[in-house]
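As structure tokens, the structure follows; a few thoughts come after it.
In this chain, numbering begins with 1 at the start of the sequence shown. Order of appearance sets the numbers: ligands from 1, and atoms from 1 within every ligand.
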Amino acid sequence: MKTVRLVLGDQLDFCIASLTDIDPVNDIILMAELKEEATYVKHHKKKIAFIFSAMRHFAEECRLKGWNVCYIDYDNLDNKGNFLSQIQLAIEKFSPDKLCMVEAGEYRLRQAFKEFQVETSLPFEIRKDTRFFSSEEYFRNWADGRTQLRMEYFYREMRRKHNVLMNEDATPVGGKWNYDSENRMSPDSKKHIPSPTKIKPDKITRDVIELVNNRFSDHFGSLDKFHYAVTRKDALLILDSFIEERLLNFGAFQDAMLVDEAWMYHSHTGLYLNIGLLSPKEVVSRAEQAFYEQNLPLNSVEGFIRQVLGWREYVRGLYWYKMPQYASMNYLELTAPLPDFYWSAQTNLKCVSQSVSQTYEHAYAHHIQRLMILGNYALLTGISPEQLNYWFLCVYVDAYEWVELPNVSGMVLFADGGILASKPYVSGGAYIDRMSNYCSSCIYNVKKKTGENACPFNYLYWNFLMSHEDKLKNNPRMGMMYRTLSKMSDANKNQIKKDSLNWLSTQN
Ligand code: DLZ
């Protein structure tokens with residue numbers, strides 16, 4: 001029996017279900033660098049280089065295990081540009097008895113493979129992706145019948161089910177499930193931030209960088225100083241250095257931002273988790289082990305574990321539970337186009353220009369830059385979910401639709417009307433000022449609420465509340481904000497509207 005086993009660019013795990021029963025003599029692993037995948041949204045150059053290089057390294061390691069690999073690189077004459085034509089060619093070339101793969105991680109591709117499975121005359125086995133803590137079925141069973149799908153309750157179930165940070169009497173370690181309130185320290189610019197572990201590009205990576213430079217020159221982003229891990233061995237090194245050097249301060253400074261500090265105390269492991277170089281189970285287990293053995297603070301360890309065991313699993317579950325409807329939701333009817341400065345960083349808003357510049361340079365910005373700067377600005381100014389989702393999916397090295405869409409539509413834009421978040425996450429300039437040192441070098445005055453040079457986040461915040469009052473004022477978590485608004489004078493409200501209109505008409 002000869003099986004062609006398709007491995008996608010985000011399935012680079014030797015334990016992936018499509019390879020568990022591989023026959024090294026007869027079977028062929030098929031991998032391909034495809035134009036359609038690199039351009040269906042115009043991914044950041046560094047993201048393409050990262051994925052292609054990791055794919056090439058994975059193929060090499062498969063060969064070293066003695067497995068047959070048919071690797072179609074981008075310039076290969078046999079490259080058909082898309083998965084289905086590539087599989088068709090493999091069928092003609094290898095005459096297999098069977099096809100096998102693990103289901104794709106995003107709806108668009110999963111549907112295409114399902115259709116192909118029906119059309120092709122060959123047996124085509126599509127296996128479940130077992131790399132997550134929670135299966136799609138488990139999430140569906142948890143979600144069915146609930147009126148609210150809050151991450152917190154799902155997370156507690158995951159903690160119990162997988163016995164993570166739990167006491168023997170089934171209570172959470174430390175007595176509380178969640179230490180988020182201890183994770184909001186303002187940044188300390190004098191405190192040492194360990195520089196991230198950087199992996200020197202080898203010949204494979206250097207070749208890929210050249211390829212991406214030539215073939216994707218019109219894509220957003222820089223290829224300079226590429227230092228991401230592209231093998232499991234190096235990804236483990238990055239994980240180790242996070243646990244050793246940064247996890248200690250991760251919790252307290254989780255929301256903190258400093259000028260020219262892209263990495264802070266974050267883990268930068270999402271990109272490896274999302275293509276299979278690291279497994280969520282080992283990442284959680286390493287962090288938990290460090291808590292017990294290195295006596296690391298619980299707010300850091302719990303905060304990190306919540307991201308991986310809670311949030312990551314939750315957004316994936318929600319994505320598959322709600323797709324395809326989720327992609328077209330737009331509760332607040334936001335229609336504004338994405339301003340050019342999301343690509344160029346040419347704006348006087350220091351927080352936005354910093355976040356976009358770092359995104360351009362690294363295909364990375366950390367969670368709070370994404371949510372409370374770039375996301376917050378987008379929501380306050382009414383950018384359409386379609387355009388904002390496109391941007392987030394393009395620019396971030398860790399972005400795949402299953403993780404990007406719920407974060408952007410649900411968390412950032414409240415486009416699902418409250419399925420994911422209990423309220424829209426909006427803030428004025430004061431929050432940005434508290435959590436960063438951006439405002440002190442910005443031309444806008446964060447202390448000024450309206451008028452010339454006032455921080456636009458300040459008046460846009462109240463303008464947002466006024467614009468969406470009909471849909472938001474009865475939200476119990478927005479009550480205090482609307483009570484404050486109701487006490488504002490008409491003159492103040494008119495000034496806010498005037499400043500906002502003026503701002504919105506001058507930004508593109
Ligand atoms: C994101 C991406 C890119 C840029 N390129 C490829 C590719 O050339 N070949 C491939 O197999 N996968 C690629 N991917 C990942 C896919 O677009 C897609 O997001 C995942 O396979 C979904 O499971």
Side-chain angles (χ1 to χ4, degrees), residues 4-13 16-19 29-59 62 69-76 78-87 89-90 99-114 116 126-132 136 204 207-209 211-212 215-216 218-221 223 226 228 230 270-277 312 315-316 319-320 323-324 327 363 389-390 392-405:
V4 165
R5 297 171 185 268
L6 179 66
V7 173
L8 307 182
D10 60 347
Q11 299 181 343
L12 310 182
D13 180 345
I16 192 102
S18 51
L19 300 180
I29 295 173
L30 174 64
M31 298 177 72
E33 296 170 4
L34 298 168
K35 182 167 185 192
E36 190 163 287
E37 296 312 305
T39 59
Y40 81 94
V41 297
K42 290 175 81 170
H43 295 289
H44 192 298
K45 291 191 192 98
K46 228 167 219 157
K47 180 179 188 181
I48 301 176
F50 168 66
I51 293 171
F52 283 8
S53 179
M55 286 173 67
R56 288 184 188 194
H57 282 88
F58 185 79
C62 288
V69 182
C70 170
Y71 190 91
I72 308 291
D73 62 38
Y74 200 77
D75 287 334
N76 191 311
D78 275 349
N79 195 314
K80 294 287 169 197
N82 67 75
F83 281 119
L84 301 189
S85 309
Q86 208 61 60
I87 298 177
L89 184 68
L99 301 169
C100 176
M101 72 179 292
V102 161
E103 59 199 356
E106 54 187 42
Y107 188 85
R108 164 189 69 93
L109 275 179
R110 198 178 279 190
Q111 289 305 105
F113 287 123
K114 269 192 195 157
F116 187 79
I126 303 182
R127 296 180 178 170
K128 296 276 169 218
D129 194 340
T130 53
R131 291 176 295 166
F132 292 83
E136 290 161 33
I204 294 181
D207 286 350
V208 165
I209 289 172
L211 167 85
V212 175
R215 300 284 176 183
F216 304 98
D218 60 335
H219 285 217
F220 173 80
L223 278 163
F226 185 99
Y228 291 133
V230 286
L271 68 167
Y272 309 119
L273 281 165
N274 293 352
I275 63 166
L277 294 183
R312 184 171 183 272
V315 294
R316 176 173 180 264
Y319 175 79
W320 288 112
M323 279 300 277
N389 274 300
Y390 179 89
F392 270 90
L393 191 54
C394 282
V395 303
Y396 290 117
V397 65
D398 46 33
Y400 299 84
E401 195 186 61
W402 64 265
V403 60
E404 174 277 324
L405 181 69

Tabulated below should be the N or O atoms of ligand 1 paired with protein N or O atoms at under 3.5 Å; can you produce that?
from     : atom 1 : to     : atom 2 : distance (Å)
ligand 1 : 8 (O)  : Ala32  : O      : 3.4
ligand 1 : 8 (O)  : Leu34  : N      : 2.8
ligand 1 : 9 (N)  : Ala32  : O      : 2.8
ligand 1 : 11 (O) : Gly9   : N      : 2.8
ligand 1 : 12 (N) : Gly9   : N      : 3.3
ligand 1 : 17 (O) : Glu37  : OE1    : 2.5
ligand 1 : 19 (O) : Glu106 : OE1    : 3.2
ligand 1 : 21 (O) : Asp10  : OD1    : 3.1
ligand 1 : 23 (O) : Asp10  : OD1    : 3.1
ligand 1 : 23 (O) : Asp10  : OD2    : 2.7
ligand 1 : 23 (O) : Gly105 : N      : 2.7

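Partners of Asp13 under the salt bridge (charged side-chain N to carboxylate O under 4.0 Å, His left out) rule, at least two apart in sequence or in another chain, do not exist in this structure. By the side-chain contact (heavy atoms from CB on, under 4.5 Å) test, Ala399 is found to be paired with Lys47, Leu393, Tyr396, Glu404, residues two or more places apart in sequence or in another chain being considered. Shown here are the ring-ring contact (aromatic ring centres under 6.0 Å, His included) partners of Tyr390, two or more places apart in sequence or in another chain: there are none.
Checked against the 6.0 Å centroid threshold, Phe58 and Tyr71 do not count as a close aromatic pair.
Comment: Asp75 engages Arg215 in a salt bridge, judged by a side-chain N to carboxylate O separation of less than 4.0 angstrom.
Trp320 carries Arg110 over the face of its six-membered ring, with the cationic atom under 6.0 Å from the centre and within 45° of the normal.
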